[in-house]
Structure formats: C-alpha cells, structure tokens
2 protein chains.
Amino acid sequence: MKLSEGVEWGLHCALLLAEAGRPLPRRVLAEHYGLPEAYLAKHLQALTRAGLLHATSGPSGGFRLARPASEITVLDVLDAIEGPASPFVCQEIRQQGSGAARPEECTRPCAIASVMVRAHQAWRESLRAVTLDQLVNQVPPALRRRNRVKFGTDDSP
Amino acid sequence: MKLSEGVEWGLHCALLLAEAGRPLPRRVLAEHYGLPEAYLAKHLQALTRAGLLHATSGPSGGFRLARPASEITVLDVLDAIEGPASPFVCQEIRQQGSGAARPEECTRPCAIASVMVRAHQAWRESLRAVTLDQLVNQVPPALRRRNRVKFGTDDSP
DNA sequence: GCGGCAATACTCGGATAACAACTGTCCGAGTAAGTAAGG
DNA sequence: CCTTACTTACTCGGACAGTTGTTATCCGAGTATTGCCGC
C-alpha cells in the first residue's frame with residue numbers, strides 16, 4: 001500500500017494557493033517547490049476536475065481555490081488525487097472454493113471487511129477534521145511573510 | 001493507494017487456522033477458498049517470517065498459528081503482508097525549490113505530514129483493537145460447525 | 001515380533017516471468033493581455 | 001485621445017513512453033511418514 005507522492009504536492013500547492021489568494025500558474029508552483037512541472041500538471045488537473053481548484057487560461061492565469069480554504073478539507077484533496085475508492089476491496093472469498101459459505105450464512109457482511117471498513121472510516125474522519133486554513137495557520141510566521149511578499153495580494157495598504 | 005488482495009487471503013486463512021487448531025497445508029487452504037496455491041504461498045511466507053505462523057514441512061505438516069488467536073491482531077497481519085511502512089512519506093518539499101523554507105523554520109515537523117501521520121495512527125489503532133479470536137466468534141455458527149467437522153481437532157469425545 | 005533402514009510422498013522456501021499502476025514527458029487548443037493602427 | 005482589431009505570448013488540457021511494484025508461477029531442498037528387510 002503506497003500513497004501517491006502527488007498527495008503531498010497537491011496539499012502543499014493548495015496551501016500556497018490559500019496563502020496567495022490569487023491565481024498562480026503551475027510553472028510558478030513547480031519552481032517554488034522544485035517539482036517537475038509537467039507531472040505536477042497531472043495532479044492539478046485532478047484537483048480541478050474534483051472542483052477544488054479553478055483554472056484560468058491565458059496570461060496572468062493559473063489555479064486558484066474554488067472555495068474558501070476553511071471549506072476544503074485534507075480528505076477532499078486526497079479523494080481528488082487518489083480517488084475515493086477504498087484501499088481494501090472485499091472479494092468475498094468466503095463464498096468461493098470448497099469451503100464456500102452458503103448465501104443464507106452471508107446475511108451479515110464479512111467480519112473482516114467490516115473491520116477494514118471501520119479502520120478506513122477512522123482514517124477518513126481524521127483527515128476530514130482538518131481544513132486548509134487550519135494548516136495555513138501552522139505555517140511558520142517568517143515563511144508566511146516571505147510567501148506573502150512573493151505572491152500575496154497587495155490589497156493591504 | 002491500493003491494498004494488496006493478499007491481505008484478505010491472509011486474514012481468512014489465519015481465521016481458518018484459528019478454527020482448525022492444527023496445521024493445515026497451503027494446498028488445503030487454497031482449495032478451501034478457491035485461491036491460486038502458488039501465490040497464496042508467498043503471503044503465507046510473509047506471515048511466517050513475521051512470526052505469526054509456524055510452518056512445518058513433510059507429511060501432515062502445514063501452517064499453524066504461532067500464538068494464541070487472542071494475541072494476534074488484524075494489524076499484525078497487515079504489517080506482515082503489506083509491510084509496516086507508512087503509506088505517506090513526507091519528502092520535505094517545503095525545503096526544496098525557490099521557495100524553500102530555511103532550516104530554522106523547520107524545527108517543527110511539517111503540518112501536512114503530521115496530519116497524515118495522525119490519520120495513519122488512527123487507522124492502525126482501529127485495526128490493532130481487533131484480535132483474531134474476536135473475528136472467529138463472529139463466524140456464523142453453521143459455517144463454524146462445518147469447518148470444525150472438516151478440519152477441527154477431534155479431541156472432543 | 002521388533003528394531004532399524006531406505007524409499008517415498010508430501011511439505012515449505014526462494015528464484016523467475018507477466019501484468020498493472022504510478023511516474024514522467026511532450027505538444028496542441030484556447031485565452032487574455034499588449035500593441036498598433038485607424039477614427 | 002479613444003476605440004478596435006490583431007498579434008503575441010502565456011495558460012491549461014489531453015495523449016504518449018519509462019520505471020517501479022504487484023500478481024502469478026515454477027522447480028528445488030528438506031522432512032516425517034510408510035513400507036520393507038534383517039534380526
């Protein structure tokens with residue numbers, strides 16, 4: 001079980017977009033984090049398709065958050081990039097082979113699958129509890145200031 | 001992120017071994033669940049290397065639980081088959097690229113990595129809370145009886 | 001009848017291919033800005 | 001000076017290879033059983 005590295009990229013980029021408050025092109029995002037631009041594009045596409053980012057073409061275009069950072073959870077980003085499919089898929093092998101359970105013995109879901117589903121839900125709940133703005137607030141102040149100078153909207157007097 | 005299907009196989013086999021109480025060869029396990037024997041062998045090897053099963057060669061040999069079923073958790077089986085590595089590996093991209101954070105700004109672990117670690121721990125705790133004998137008790141009585149007749153130790157008078 | 005020995009069949013274990021998914025890359029379609037010409 | 005049309009450069013989006021990990025399989029090493037021979 002390995003999680004795509006694009007998850008880390010997507011989360012960091014989403015955080016930076018939350019800090020910036022204005023569209024940033026993928027070229028800027030890639031250079032900022034030292035990532036391959038072409039491959040990062042793939043993950044940003046996924047985030048856009050999921051409705052988390054909004055993409056605008058042309059000069060001064062780029063990606064921006066489609067919703068306020070307080071309304072985007074870490075789980076949203078993960079589902080967008082990894083897909084919402086459960087990592088464990090019960091293949092009902094209890095109903096196969098010479099020791100197959102009979103249909104009337106399978107009225108209840110497989111206990112093993114239930115355990116896996118509960119664990120997966122615990123994982124998802126833990127991720128759903130954290131929003132992007134909570135993460136932004138944990139960025140070191142000095143770094144946040146630098147990012148603001150570099151990208152921030154200069155609407156502050 | 002996809003979980004190896006060997007996880008389901010390993011768990012079902014471990015449950016059956018807990019029910020049987022005596023060594024079962026991989027051929028019997030494979031036929032009982034309709035699984036490819038050669039590939040199942042790979043996962044049983046992993047469980048053996050992890051110290052969960054004990055393998056004996058020769059006639060009337062096979063695999064048996066190395067510990068009482070009450071002392072084996074679902075998490076043990078998962079770590080044995082999937083490896084204990086965390087699905088999320090923080091590559092510290094915050095310290096790379098043109099916007100790299102300085103070392104003195106990284107005294108605290110990356111907030112994103114922390115969230116992922118907490119979620120992973122929640123997942124593991126949920127799996128650690130369930131033992132094999134708890135799962136055995138959830139097997140339908142009729143099926144359990146059939147398995148007992150088929151494999152069970154005939155030490156009952 | 002009993003003990004020892006060899007043959008046997010059964011078991012696991014590691015080494016070896018086929019497939020799929022993730023990783024990485026490229027070029028084309030579309031768009032907004034900038035520019036120059038005309039009114 | 002303002003409007004307008006065009007050129008330009010910049011953006012995203014989908015289509016195309018390379019590499020790692022999972023899936024599937026085979027054959028050899030080792031062992032307890034089983035049968036047989038000798039005592």
Side-chain angles (χ1 to χ4, degrees), chain A residues 1-10 13 17 20 22-66 78 80-83 85-89 91 93, chain B residues 1-10 13 17 20 22-66 78 80-83 85-89 91 93:
Chain A
M1 179 177 61
K2 197 173 133 250
L3 208 51
S4 167
E5 63 184 351
V7 169
E8 184 179 4
W9 302 4
C13 288
L17 290 177
R22 67 176 176 86
L24 296 181
R26 67 188 186 196
R27 173 169 180 78
V28 171
L29 292 170
E31 285 183 354
H32 187 80
Y33 289 118
L35 304 175
E37 180 188 343
Y39 187 30
L40 177 63
K42 205 174 178 64
H43 297 300
L44 293 175
Q45 274 181 43
L47 292 173
T48 303
R49 269 195 291 264
L52 298 180
L53 300 185
H54 182 77
T56 57
S57 295
S60 73
F63 294 92
R64 65 172 172 81
L65 294 185
L78 264 132
I81 292 181
E82 286 289 323
S86 172
F88 179 84
V89 284
Q91 297 179 320
I93 66 172
Chain B
M1 180 177 61
K2 195 173 135 252
L3 208 50
S4 167
E5 63 185 351
V7 168
E8 184 179 4
W9 301 4
C13 288
L17 291 176
R22 67 174 177 87
L24 297 181
R26 67 189 187 194
R27 173 168 181 77
V28 172
L29 291 170
E31 284 184 352
H32 187 81
Y33 288 119
L35 304 175
E37 179 187 344
Y39 187 30
L40 176 63
K42 201 174 180 64
H43 297 301
L44 294 175
Q45 275 182 43
L47 292 173
T48 304
R49 269 196 292 264
L52 298 181
L53 300 185
H54 182 78
T56 57
S57 295
S60 75
F63 294 91
R64 64 171 172 83
L65 294 185
L78 264 132
I81 292 181
E82 285 289 323
S86 171
F88 179 83
V89 283
Q91 297 179 318
I93 66 174

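The analysis underlying the following values was restricted to heavy atoms, covering all of them including side chains, and did not include hydrogens, waters or symmetry mates. Order of the sequence lines sets the chain letters (A, B, ...), proteins ahead of strands, with each chain counted from 1.
Annotation: proximity of residues 26-37 of chain B to DNA chain D (heavy atom, distance under 4.0 Å) is found for B:P36, numbered in ascending order.
Side-chain atoms of A:F63 and A:L24, non-hydrogen and from C-beta on, never get closer than 4.5 Å to each other. Considering only heavy atoms from C-beta on, B:H43 comes within 4.5 Å of B:S4 through its side chain.
Nucleotides of DNA chain C with any atom under 4.0 Å from a heavy atom of chain A span, from 5' to 3', C:dT23 to C:dA33.
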Collect all protein-nucleotide pairs involving nucleotides 15-21 of chain D in which both atoms are nitrogen or oxygen and the distance is under 3.5 Å.
none

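Each end of the helix from C:dG1-D:dC39 to C:dG39-D:dC1 gets its own rotation axis from five pairs of C1' atoms, and the angle between them is 10° to the nearest 10 degrees.
Comparing A:A38 and B:L40 along DNA chain D, the residue whose closest nucleotide (by nearest heavy atom) sits nearer the 5' end is A:A38. Comparing A:M1 and A:S57 along DNA chain D, the residue whose closest nucleotide (by nearest heavy atom) sits nearer the 5' end is A:S57.
Nearest heavy atom pair, residue A:A66 against residue A:G51, reads CB-O, 3.4 Å. Between A:L52 and A:A80 the shortest heavy-atom distance is CD1-CB, 4.0 Å. In this structure, B:L29 and B:C13 approach most closely via the heavy-atom pair CB-SG, 4.1 Å.
Between the CD atom of B:Q45 and the C1' atom of D:dG30 there is a distance of 14 Å, given to the nearest Å. Here D:dT23 presents its C1' atom at 8 Å from NE2 of B:H43, a figure rounded to the nearest Å. Between the P atom of D:dG13 and the NE2 atom of A:H54 lies a distance of 10 Å, rounded to the nearest Å.
Between the side chain of B:E82 and the backbone N or O of B:L3 there is no donor-acceptor pair closer than 3.5 Å. With hydrogens and angles disregarded, no donor-acceptor distance shorter than 3.5 Å links the side chain of A:T48 to the backbone of A:H54.
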Side chain to side chain contact (heavy atoms under 4.5 Å, CB included) between A:Q91 and B:W9, worked out: CA-CA 10 Å; A:Q91 297 179 320; B:W9 301 4; 4.0 Å; yes

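Here the straight-line distance linking atom CZ of A:R49 with atom CD1 of A:I81 works out to 11.5 Å at 0.5 Å rounding. With rounding to the nearest 0.5 Å, the separation of CG in A:L47 from CG in A:L53 is 5.0 Å. With values rounded to the nearest 0.5 angstrom, A:M1 atom CE is found 7.5 Å from B:L78 atom CG.
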May I have the list of side-chain donor-acceptor pairs in residues 33-40 of chain A shorter than 3.5 Å, sequence neighbours left out?
from, atom 1, to, atom 2, distance (Å)
A:Y33, OH, A:H12, O, 3.3
A:E37, OE2, A:R26, NE, 3.4

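Looking at heavy-atom distances under 4.0 Å, B:A55 makes contact with sugar-phosphate atoms alone, never a base. Within the nucleic acid shown, B:G6 has no heavy atom closer than 4.0 Å to any nucleic acid atom. Nucleic acid contact class of B:P25 (heavy atoms, under 4.0 Å, all strands): sugar-phosphate only.
Phosphate proximity of D:dT23 to B:S4: present, with a side-chain N or O under 4.0 Å from OP1 or OP2.
A:R64 meets the salt bridge (Lys or Arg N to Asp or Glu O under 4.0 Å) test with no other residue; sequence neighbours excluded.
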